[in-house]
Protein chains: 2
Amino acid sequence: MADTLTASALTLKDIARQAGVSLATVDRVLHNRPGVRPDTVRRVREAIERNSFQPHVAAAELARGRARRFAFVMPSGPNPFMQQIQDYLGEMSAWLSARRLGVETVATDVFDPSVLAASLEGLSDDYDGIAVVALDHPGVRAAIDDLVDAGAKVVTLVSDVPSSRRHHYVGIDNIAAGRAAGALVGRLVGQQSGKVAIVAGSQGLRDHAERIFGFNQVMASEFPGLSVLPVLEGRDEDGRSEQVLARLLGRHADIVGLYNVGAGTQGVARALSDAGRDKQVVFVGHDVTALTRRLLLQGVMDAAISQNPGHEARAAVRVLLALARGEPILREQEKIRIDIVMRDNLP
Amino acid sequence: MADTLTASALTLKDIARQAGVSLATVDRVLHNRPGVRPDTVRRVREAIERNSFQPHVAAAELARGRARRFAFVMPSGPNPFMQQIQDYLGEMSAWLSARRLGVETVATDVFDPSVLAASLEGLSDDYDGIAVVALDHPGVRAAIDDLVDAGAKVVTLVSDVPSSRRHHYVGIDNIAAGRAAGALVGRLVGQQSGKVAIVAGSQGLRDHAERIFGFNQVMASEFPGLSVLPVLEGRDEDGRSEQVLARLLGRHADIVGLYNVGAGTQGVARALSDAGRDKQVVFVGHDVTALTRRLLLQGVMDAAISQNPGHEARAAVRVLLALARGEPILREQEKIRIDIVMRDNLP
DNA sequence: GGCGTTTTGAGGTACGCAACTCATTTTGAG
DNA sequence: CTCAAAATGAGTTGCGTACCTCAAAACGCC
């Protein structure tokens, strides 16, 4: 009837007694301090295993004395998505201070590898953990590895550097996101055949390139009736996005689908509306902002692929904290999902 | 450049000094203990406010001594979704025991109000918090209110009892979920007109009724070309669901959409396949399980409306813990989203 | 002003662990 | 067997809070 799940009340003292050693030795083993014979280490470890003992985090945290500090290295521009992440960090302030955690934001130009690498340098002196929106570049990778070597915990946020030795990546799989976008455009277009347009910020950006790759994959294999036009580059700016798309719409009367890979959504929507084709073209974009929310409600946009910025902010903090404490990470909890947002499940 | 967010290092002693009182008095105010003049209370509160002081949770938890215990009251049947919630609770065991939290599952017949009410009775003696998958019924409401009056923290899980005085609801808005399902069926069917079938467990279940309501709302207002057939009741059983749906498919050749509101998905899929119409009918159901995952990959199901069971399990625990500690709840974090899951964003 | 009551102060103990010191025991090499 | 090095034991202190006791002070009432 009632199935008990947990509640150990053991302490380090119990472990010491069971292993037949003193508290000091258990402490040495627990913190990988030198001066313990391998055989003794084994005995202690076994006692811990046998009882599936977990040190009381509250006691450990309290005894530690020193507060933990984390740095968030983020783009300095007015990117609304990044702004949302920072806003959600702000909402955590009570939670953070109740745990004596300090979180500081470092603004930098994440698109310039040397500037970014310079910003990262030396952060390990002041911080126990660093979350960074990283550009995938050898210089940045080296900077991240340096931080790791210096003992800091490093998490990449939103954009990954897989070749680095960062401890964790908090963000979505962009290829899968592109696939989801492709499937949505294809399915929502339905039986008709025609052309599909893609507007991206730049194909040089790793996340954009991956999304386009996934999108094309699905289009090619599953929607042979739809032909994808060459990618337009709008540099994530409204004006330029509107301009290039307007020209394309003028040249092709049979565009039935549109995928906006990055920002510049305002411009894309305007080009569609001005051409009077916002109701006929299936329009899928990214992220839930005040703007995309409005466009979804108006029916101009049909779906938005989204990653939850609040979740990313909190997951980054939790992962850094777990890493610093040596606790296991709840992978399932920290995984960022690809959300499909349509008018009726707007968060 | 660097924007600091938190890190108070104040202690109760500092607050006491600032308020010009002793530690004992601050303690009395903090825990609403009697014997403090209103004016003194105000002074202490002001000092706390002024410094935005937060008690150190680790110290508080440690000093408390007693471990906290939570009960999860859940259906005894083989419902896969509920099973997933329990599995995810199990995955938290290290996390729980590191915090000296005890979580126990109480299996009961949640569909019988008197049995459920009886199971709830007296739980407040043994547990600090209770999460319950509740049937919305006056007897259950009264039982919940009794628990609250006895000082326990109560959270409704998956299915709400809004009229009770439960402290929190962890679950989705089922009307919105039904609307999302309706929008998907309508959009994926596309231009064609035809009939749409609904299979539910029972219209007496609040969550099913709400989903159907939302579904019909969208169908009526936005997809006039589709006509919704009377709701079939499959009691969430495979056999019965298959049977009733097969009969309906036989009678109507022009069914283009299908909404499966509850469980019994296996039976629904079989009826569709046996009729050879699994590729023509747009099929939207609920929840991501091993089965629905397979059906999505095979293209039999087109989309699943899902609430993340892992998130629900963890959110329920976190909310109960925050309530018990008197900490604020991170609403944004604990809100359960309506996930639209298609083949390419399968988690 | 005296009385009883209410309010406040002072202090202690305990929680479980980290981090440290210093004395003692064990070990292995010569 | 001897001796230095390595391993271990025993113990202390402190983290910030909860919870408790007892005495002292302030208060309100007549």
Side-chain angles (χ1 to χ4, degrees), chain A residues 6-45 47-48 51 53-68 96-101 128 324-327, chain B residues 7-45 47-48 51 53-68 96-102 128 324-327:
Chain A
T6 57
S8 88
L10 294 179
T11 71
L12 282 183
K13 212 187 299 182
D14 302 310
I15 298 299
R17 184 155 11 90
Q18 278 209 29
V21 299
S22 74
L23 259 177
T25 301
V26 175
D27 184 70
R28 290 182 183 109
V29 172
L30 218 56
H31 299 91
N32 303 310
R33 281 189 257 274
V36 184
R37 231 175 310 153
D39 183 63
T40 310
V41 172
R42 193 182 45 70
R43 265 170 36 229
V44 174
R45 290 244 154 86
I48 291 178
N51 300 283
F53 169 80
Q54 296 276 135
H56 193 321
V57 292
E61 210 57 28
L62 187 58
R64 184 162 196 289
R66 200 164 53 79
R68 300 185 194 273
L96 291 169
S97 83
R99 287 159 184 76
R100 300 301 185 267
L101 299 177
D128 305 286
R325 285 178 174 170
E327 278 190 304
Chain B
S8 87
L10 294 179
T11 73
L12 282 182
K13 214 186 301 183
D14 302 310
I15 299 299
R17 184 156 13 90
Q18 278 208 29
V21 299
S22 75
L23 258 179
T25 300
V26 174
D27 183 70
R28 291 182 183 110
V29 172
L30 219 54
H31 299 92
N32 304 309
R33 281 190 256 274
V36 184
R37 231 174 311 155
D39 183 63
T40 312
V41 172
R42 193 181 45 71
R43 261 165 47 225
V44 173
R45 291 241 153 87
I48 292 178
N51 302 283
F53 169 80
Q54 294 277 133
H56 194 321
V57 294
E61 209 56 28
L62 185 58
R64 185 161 193 289
R66 199 164 55 80
R68 300 183 193 275
L96 291 170
S97 83
R99 288 159 183 75
R100 299 302 184 267
L101 299 177
D128 305 287
R325 286 177 173 170
E327 279 190 304

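Below, read A as the first sequence line, B as the second, and so on, with proteins coming before strands; counting in each chain starts at 1. Because the structure is predicted, anything quoted here is derived from the model rather than measured. Computation of the quantities below employed the complete heavy-atom set of this structure, encompassing side-chain atoms and omitting hydrogens, waters and symmetry-equivalent molecules.
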**OP:** Test B/D14 against B/Q18 for side chain to side chain contact (heavy atoms under 4.5 Å, CB included), laying out the working first.
**Re:** CA-CA 6 Å; B/D14 302 310; B/Q18 278 208 29; 5.7 Å; no

Original post:
Taking all atoms of both residues into account, what is the closest heavy-atom pair of A/A98 and B/Q54, and its distance?
Top reply: CB-NE2, 3.7 Å

Original post:
Looking for any heavy atom pair under 4.0 Å, which part of the strands does A/A60 touch: base, sugar-phosphate only, or nothing?
Top reply: sugar-phosphate

Subject >> Point-to-point distance, once rounded to the nearest 0.5 Å, from OG of B/S97 to CG of A/N51 >> reply: 11.0 Å

**OP:** Using whole Å, report how far NE2 of A/H56 lies from C1' of C/dA18.
**Re:** 15 Å

**OP:** Could you please spell out the steps behind the side chain to side chain contact (heavy atoms under 4.5 Å, CB included) verdict for B/L30 and B/I48?
**Re:** CA-CA 10 Å; B/L30 219 54; B/I48 292 178; 3.6 Å; yes

Subject >> B/V44 to B/A19 - nearest heavy-atom pair and separation >> reply: CA-CB, 4.0 Å

Original post:
Atom CG of A/L10 to atom C1' of C/dC15: distance rounded to whole Å?
Top reply: 15 Å

**OP:** Please work out if B/G35 contacts a base, only the sugar-phosphate, or nothing of the nucleic acid, heavy-atom cut-off 4.0 Å.
**Re:** base

**OP:** Rounded off to whole Å, could you give me the CD-to-C1' distance for the A/E61 and C/dG16 pair?
**Re:** 13 Å

Subject >> From C/dA10, C/dA19, C/dG16, nucleotide with atom closest to A/R33 side chain >> reply: C/dA19

Subject >> Value in whole Å for how far the C1' atom of C/dT26 lies from CZ of A/R37 >> reply: 7 Å

Subject >> Euclidean distance, B/R33 CZ relative to B/D27 CG, rounded to 0.5 Å >> reply: 4.5 Å

Original post:
Tell me the salt bridge (Lys or Arg N to Asp or Glu O under 4.0 Å) pairs involving residues 53-63 of chain B, sequence neighbours left out?
Top reply: B/E61-B/R68, B/E61-B/R325

Original post:
Going by heavy atoms closer than 4.0 Å, what residues in residues 13-23 of chain B are next to DNA chain C?
Top reply: B/G20, B/V21, B/S22

Original post:
Just how far, in rounded Å, is P of C/dA19 from CZ of A/R28?
Top reply: 13 Å

**OP:** Heavy atoms only: give me the nearest B/R64-B/D128 pair and the separation to one decimal.
**Re:** NH2-OD1, 4.4 Å

Original post:
Closer than 4.0 Å, any side-chain N/O of A/T11 to the OP1 or OP2 of C/dC15?
Top reply: no

Subject >> Length of the CZ-P vector between A/R66 and C/dC20, whole Å >> reply: 11 Å

Subject >> Separation of atom CG in A/L30 from atom P in C/dC17, rounded to whole Å >> reply: 9 Å

**OP:** Extract, from 5' to 3' on DNA chain D, the first and final nucleotides lying under 4.0 angstrom from some heavy atom of chain A.
**Re:** D/dA7 to D/dT17

**OP:** With DNA chain C as reference, determine whether B/T40 or A/A63 sits nearer its 5' end, using the nearest nucleotide of each.
**Re:** B/T40

Subject >> Strand partner of C/dG30, provided both Watson-Crick or wobble distances fall under 3.5 Å >> reply: D/dC1

Original post:
When rounded to the nearest 0.5 angstrom, what distance separates CD1 in B/I15 from OG1 in B/T25?
Top reply: 13.5 Å

